[in-house]
Each structure stands twice: as C-alpha cells, then as structure tokens.
Amino acid sequence: MPVTYKEFAESYLEFNIPPFADTLAKTDSVFGKTNGKLTTMQVNVGYACNFSCTHCFLESSPERTEIMSKQTMEDCLTVFAENGFETLDITGGAPELNPHLEWFIEEGVKLGKVMVRSNAALLTTPAYQHLIEVFRYNEVTVVVSLPCYTKENVDSQRGTDNFEKVIAGIEALNAVGYGTDPVLELNLVYNPLGGFLPGSQCGLEADYRRILGEEHNIAFNNLFCLANTPMGRFRTMLESKGELGEYLTLIYENYNPDTLPSMMCRNQLNVDYDGGLYDCEMNHVIGLPINDKYHRISDLKGHKLEQRDIRLNGGCYVCTAGSGSSCGGALV
Ligand code: SF4
Ligand code: SF4
C-alpha cells in the first residue's frame with residue numbers, strides 16, 4: 001500500500017523533524033509558489049515497467065497495469081498548447097509500454113521539446129526497437145536511468161543481467177547518433193544505492209564518462225544525480241533495515257536554501273496516468289493534488305493555469321538536500 005500524505009507527514013514528526021513549510025519560512029516564503037509561467041509538463045504515461053528496482057518510489061513493475069489513455073494524452077496536449085508549455089517530459093514506469101507513446105511523441109513535437117525517460121532495456125527488443133527511430137526522427141531527448149556504471153551495483157538494484165540489457169539499449173541509441181549528434185541528446189541518471197546522498201554530480205559524471213567509455217565505448221551528454229525518495233520500495237527497504245529515521249534526518253540536516261530558486265515544481269505541472277494534477281511525482285505518490293480549483297487535466301482545458309502555492313511536504317527535503325535533486329539532476 002502506498003504511504004498516504006498523513007502517514008508521510010507523521011513519520012517526519014516521529015523523528016522530530018519540523019514540517020518543510022516551517023523550515024522554508026525561516027529562509028524565504030517566495031519559493032513556496034510556482035513561477036508565473038510554467039515551462040515543463042511532466043506526464044506519467046503508466047506504471048508498468050520491465051524492471052522492479054529496489055529504489056523505485058513509484059513501485060513500478062511488470063505487474064502494474066495502470067496506463068494513460070489516448071484521450072488523457074489529447075487533454076495533456078490541449079492544455080500544453082493553451083498554457084504555452086515548452087517541454088513535454090514523458091515518464092513512467094517504462095513509457096515504451098504505453099501503446100500510444102509514438103503518437104504522443106509525434107503530436108508533442110508539433111508543440112515543443114519532447115523528452116522521454118526510459119531504462120533503455122526494451123529498446124533492443126523486437127516489439128520496441130522501432131522506437132529508437134521514432135526518437136531520432138523527432139529529435140526526442142532521451143534520459144536513461146543507470147544507477148551505477150558497474151554491473152554488480154546495477155544488478156543489485158534491478159535484478160540479474162539487467163546491466164547488460166541497459167548497456168545494449170544505450171549502445172543502440174549511440175549507434176544512431178545519440179550522445180554525439182548535437183540534436184540527439186542522451187542523458188543518464190544516477191541514484192545512490194542506499195540511504196545516502198549523491199556525491200558531486202561533476203565528479204560522478206567524469207567517472208561515468210571514463211568507465212563507460214573505456215569499457216563499453218558509450219557516449220552521453222550529461223549525468224543527472226538524483227537523491228532517493230523515502231516512499232514506495234525505497235521506503236520499505238529503509239524500514240526493513242531500521243534506517244528510515246536516519247535517512248529522514250540526513251535529508252533534513254542537509255537542507256540547503258541555495259537550491260530553492262531551482263526547485264523543479266516552480267516551473268512544472270505533473271500529470272498522473274489518470275489525468276490527476278500534481279506539483280511533482282512525489283506528491284502524486286502521497287496523494288497530494290495541486291493547490292488549484294482544477295485537479296484533473298480534462299477540467300483544465302479552456303483555462304489558464306495561475307500562479308499557485310506549492311503543496312510543500314517532507315518530500316521537499318529530498319529536493320533541497322545538499323546539492324539538491326530534481327528530474328534534471330543537482331540544482332546547485
Ligand atoms: S526505477 Fe525506473 S526502471 Fe526501475 S522500476 Fe521504477 S520506473 Fe522502472
Ligand atoms: S517534493 Fe520537490 S518537486 Fe515536489 S513539491 Fe516538494 S520541492 Fe517541489
């Protein structure tokens with residue numbers, strides 16, 4: 001069962017950690033609001049995934065059946081155009097498993113930049129390998145999660161032999177120009193293997209580039225470092241080791257107000273597979289909808305999004321710890 005907002009908030013109090021809004025108020029309350037104009041619409045097109053990673057806060061897996069309908073995608077595109085969004089950020093689960101992905105990309109690029117978050121492993125399988133050409137033709141930015149550059153560490157998070165599958169997918173993307181052609185951007189995503197914060201993004205990117213280059217001849221543009229979110233499977237893992245309090249305390253004690261101007265939710269709207277509207281994926285996991293009179297993408301059609309208060313919560317300590325964390329990596 002996913003943790004509810006109430007349970008999530010209580011777990012911070014249990015470890016004497018103040019609500020994030022109180023911590024923020026000591027710094028500057030202006031960062032509790034979205035910017036006037038949002039730039040990124042992040043759309044979760046389904047929870048089904050070919051992997052069941054131990055750190056997955058969405059608890060995606062091959063058993064999940066939630067999938068975004070084509071009608072909801074159409075609603076997303078209408079709201080995207082009406083509100084002048086610039087980037088359509090498509091995520092999952094594994095987005096490849098939504099049968100309307102190709103159509104969504106083709107319609108999305110008529111309106112702005114399109115980005116797809118993938119684990120790349122499906123891209124070498126007969127049913128999905130055509131998507132590489134769809135990505136290339138439409139100049140989609142591809143973001144591939146690869147939690148480490150070693151087989152041992154990746155397989156410990158994702159299951160035996162999954163490192164090779166992801167590497168094969170990245171090699172297939174490289175083969176059509178991803179990571180070397182200036183219009184075909186390929187970014188990788190790192191997250192820690194346990195209850196600690198990412199190290200320096202710059203240093204890790206250099207390590208990834210050297211080791212993946214030497215051992216697999218892989219090219220990529222940027223490495224994004226993301227901190228783990230204490231929800232879903234990662235929370236279950238922390239609880240089973242008795243480390244939840246330690247991790248919540250770690251992210252609280254590393255609160256860094258310099259990250260506030262770049263918090264991703266200030267420029268973003270997140271749309272869940274069923275059309276629900278949230279500030280970010282974390283907020284949809286704990287069931288905290290946006291602070292607006294409209295909570296569904298279908299209801300938003302014909303209306304302009306207004307500046308709103310962000311639904312701050314304990315998850316915000318993840319985004320603001322250390323160098324900060326967002327879907328685009330470190331913030332400072
Ligand atoms: S972390 Fe990504 S690849 Fe792993 S189960 Fe979750 S959605 Fe799938
Ligand atoms: S969890 Fe992060 S992205 Fe979500 S509302 Fe808080 S600061 Fe924003």
Side-chain angles (χ1 to χ4, degrees), residues 5 8-9 12 19-21 23-24 27 31-35 38 40 42 44-64 66 89-98 116-123 143-147 154-159 162-163 165-166 169 188-191 193 226-234 237 251 255-257 259-270 273 277-286 288-291 308-321 324-328 331:
Y5 168 59
F8 191 62
Y12 282 85
F20 183 82
T23 302
L24 179 68
T27 317
F31 296 122
K33 290 183 183 299
T34 55
N35 287 330
L38 302 182
T40 300
Q42 185 180 62
N44 189 313
V45 295
Y47 291 173
C49 188
N50 45 318
F51 290 158
S52 311
C53 304
T54 55
H55 67 279
C56 188
F57 70 98
L58 287 162
E59 302 190 71
S60 292
S61 75
E63 285 75 45
R64 299 296 294 261
E66 299 92 334
D89 177 351
I90 303 174
T91 187
E96 295 91 334
L97 295 174
N98 187 308
V116 172
R117 296 178 188 274
S118 164
N119 62 50
L122 289 170
L123 296 175
V143 181
V144 174
S145 59
L146 182 66
V154 171
D155 286 355
S156 75
Q157 278 200 2
R158 298 196 144 155
N162 283 336
F163 180 72
K165 292 176 188 165
V166 178
L188 304 183
V189 177
Y190 158 88
N191 65 275
L193 283 166
L226 269 62
N228 285 316
T229 301
M231 301 172 184
R233 267 186 226 119
F234 184 66
M237 189 189 79
I251 55 178
Y255 171 67
N256 178 2
T259 61
L260 297 173
S262 309
M263 288 194 315
M264 62 181 169
C265 48
R266 302 193 69 220
N267 299 306
Q268 168 183 284
L269 178 71
N270 175 276
Y273 82 94
L277 302 178
Y278 301 88
D279 294 309
C280 64
E281 279 193 302
M282 280 81 89
N283 286 10
H284 89 223
V285 170
I286 54 174
L288 203 56
I290 57 167
N291 202 338
R308 62 178 195 274
D309 289 336
I310 296 166
R311 299 295 300 274
L312 303 170
N313 65 89
C316 307
Y317 283 123
V318 177
C319 301
T320 54
S325 180
S326 73
C327 291
L331 301 176

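Indexing begins at 1, ligand by ligand and atom by atom, following the structure's order. Both backbone and side-chain heavy atoms feed into the values below; hydrogens, waters and symmetry mates do not.
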What one should report as the nearest heavy-atom pair of C49 and S60 is CB-CB, 3.8 Å
Between F20 and Y317, is the gap from one ring center to the other below 6.0 Å? yes
Checking contacts here: is it the side chain or the backbone of N283 that comes within 4.0 Å of ligand 2, counting heavy atoms only? Could be both or neither. side chain
Between Q268 and ligand 2, find which residue part has any heavy-atom pair under 4.0 Å and reply side chain, backbone, both or neither. neither
Working note: V166 + R158, criterion side-chain contact (heavy atoms from CB on, under 4.5 Å); need CA distance, chi angles, decisive distance, verdict. CA-CA 10 Å; V166 178; R158 298 196 144 155; 3.8 Å; yes
Sort out for me which residue in R266, R308, H284 forms a side chain to side chain donor-acceptor pair (under 3.5 Å) with D279. R308
Is any side-chain heavy atom of S61 less than 4.5 Å from a side-chain heavy atom of R233? yes
Closest to atom 4 (Fe) of ligand 1 among protein heavy atoms sits C53 SG, 2.3 Å
Grab the two heavy atoms, one from G92 and one from N44, that are nearest each other, plus how far apart they are. O-ND2, 3.3 Å
Element-labelled atoms of ligand 2 that are located less than 4.0 Å from some non-hydrogen atom of C280: 1 (S), 3 (S), 4 (Fe), 5 (S)
Beyond-backbone contact of F8 with P230, side-chain heavy atoms, under 4.5 angstrom: yes
List every atom of ligand 2 that sits less than 4.0 Å from any heavy atom of M264, numbering the atoms from 1 in the order shown and giving each element. 3 (S)
Is it the side chain, the backbone, both or neither of C316 that has a heavy atom closer than 4.0 Å to ligand 2? both
Give the numbers and elements of all ligand 2 atoms closer than 4.0 Å to a heavy atom of G315. 1 (S)
How long is the straight-line distance from CZ of F51 back to NZ of K165, given to the nearest 0.5 Å? 6.5 Å
Atoms in ligand 2 with a heavy atom of M263 nearer than 4.0 Å: 7 (S)
State the SG-CE distance between C280 and M264, to the nearest 0.5 angstrom. 5.5 Å
Give a yes/no on ligand 1: does H55 have at least one heavy atom closer than 4.0 angstrom to it? yes
Carefully, step by step, assess N270 and E281 under the rule side-chain hydrogen bond (donor to acceptor under 3.5 Å, both in side chains). CA-CA 7 Å; N270 175 276; E281 279 193 302; 4.9 Å; no
Does ligand 1 have any atom sitting under 4.0 Å from a heavy atom of R158? yes
Atoms of ligand 2, numbered as shown, that sit under 4.0 Å from any heavy atom of I310: 5 (S)
Look at C49 and state whether any of its N, O or S atoms is less than 2.8 Å from atom 8 (Fe) of ligand 1. yes
Under a 4.0 angstrom heavy-atom cut-off, which atoms of ligand 2 come close to M282? 1 (S), 2 (Fe)
Near C56, which atoms of ligand 1 are under 4.0 Å from a heavy atom of that residue? 1 (S), 5 (S), 6 (Fe)
Using heavy atoms and a 4.0 Å limit, tell me yes or no: is A94 in contact with ligand 1? no
C265 neighbourhood, listing ligand 2 atoms whose heavy-atom distance to it stays under 4.0 Å: 3 (S), 5 (S), 7 (S), 8 (Fe)
Tell me, which protein residue and heavy-atom name are nearest atom 2 (Fe) of ligand 2, and how many Å apart are they? C319 SG, 2.3 Å
Can you name the closest pair of heavy atoms from V45 and P95 and give their distance? CG2-CA, 3.7 Å
